[in-house]
Amino acid sequence: MTEAFLQYVWQHQLLDGGLTTTDGQPVAVLRAGELNTDAGPDFFGARVRIGGVEWAGNVEVHIHTSDWNAHGHSSDAAYNNVVLHVVYDHDCEVRLQDGRTPSTLELKRFLHPSLIASYDRLMRPSEGGVVPCGSDVASVPQFVVKSFMDRLAVERVAAKTEAVKRLLEESRGGWEQTCYWLMARYFGGKINALPFELLAKSTDQRLLARWKDNPQRVEALLMGQAGLLEGYFEDEYPRMLQNDYEAIRTGASLRPIGGHLWRYYCIRPSSFPTIRISQFAHLVSASSNLFSTLLAMTDVKEMVKLFDQKASAYWDNHYRFDTVAAKTTEKNVGKMQAQLLIINAWVPLLFLYGVMQGNQAYKEQAMDLLMQLPAEDNNVIRRWQAVGLEPANAAESQALLQLDGAYCRNSRCLECSIGFQILKHK
Ligand code: SF4
């Protein structure tokens, strides 16, 4: 039993039977009051009729009546306006600071056992990734789930804008630079996000823009700055990149990041930093003003096409310099990866742009992009599908990821619309 649950029960009046105080007076709740999350009584502005007399004031909720004394309320005048003390277990009599005895409602007499059982089930730590409310989700009305998912999708995008804000501050409000850094970060995937971001920060966008019509030079500049062109190479291609990099370097003050920062383990060869840097070089060459380019696009297919860049031909049969791969395949970013870049990088950036510009249209455009993209497929989404929640698009899969990460994993069932429906109907 927790105080948060008892507050929830009181707030939503999930009570059974005719209520009476501990001294037998009938209780009618006319208004539960406003939940107060700051100091002072738990509910302000309640209205209750006790034994035929109507009272207006505050309500305090505790697990045991004796918590009143333990929390020091008997000497606190701020609690003198408590008209009802709501407790789970009445274990003693208490007094207000002014000497009166507050009326007490003992909840355990009015809580249906199935409500407590449902609450227990929701609060049980999830085992083996099973959704705690999995067996009840199907009974929740679709319109409730749908409107909650709409809210969760926006919540998820808004949460992601926090990381974007930090980059925006660092770039002193430069949207193009923020976009370039952010895209670089996401090109690195989970494993190489940081070195990719460092690479972008160490390589001035204006310098890259100078070579925008020459993808090989852009690749040379990025590979060189990545610290991947140091040493001797057998193949002509890396030697060409080395020469290009040295030529660019002569006229600019460039300091490569350490080549040792890149990670190759736990990732598929097609996502090796060498391949990703080459693809990123082609993206930068395709658009030196990526932010403005993306801002002008409304068609998600066009965006996917822009992100789905192919690495240089050398990488068709290489994953690393000087090592020939067993198979020859063109190394595109891939449609799915391009969609993830839009979901995880562009959508939060566009949403934040809408927030900062005070322009609702950009925020709506960001959410609309998610609705145009297919739902993601990963372990979390599969768990929701197993209990009957099938996301129709990326907005809904993002909503389910938010639900899992921000609510289910933190046992926030009392703040969840699905949880409310489950508890309400017990
Ligand atoms: S947070 Fe909501 S969806 Fe998640 S387990 Fe609790 S009730 Fe279910």
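When a ligand or atom number is given, it counts from 1 through the structure's own listing order.
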| field | Number of protein N, O or S atoms [distance to atom 8 (Fe) of ligand 1 under 2.8 Å] | value | 1

| field | Proximal atoms of ligand 1 relative to W384 (non-hydrogen, under 4.0 Å) | value | 3 (S)

| Would you call E169 and R166 a salt bridge, taking side-chain N to carboxylate O under 4.0 Å as the test? | no

| Is E197 salt-bridged to K201, going by a charged N under 4.0 Å from an acidic O? | yes

| said: Using a strict threshold of under 4.0 Å (side-chain N to carboxylate O), is an ion pair present between D136 and R121? | reply: yes

| Are a donor atom and an acceptor atom from the side chains of Q97 and D76 found within less than 3.5 Å of each other? | no

| query | Do NZ/NE/NH1/NH2 and the carboxylate oxygens of D150 and K146 come within less than 4.0 Å? | reply | yes

| message | If you take the centroid of each ring, where Trp contributes its six-membered ring, are H71 and H62 closer together than 6.0 Å? | response | yes

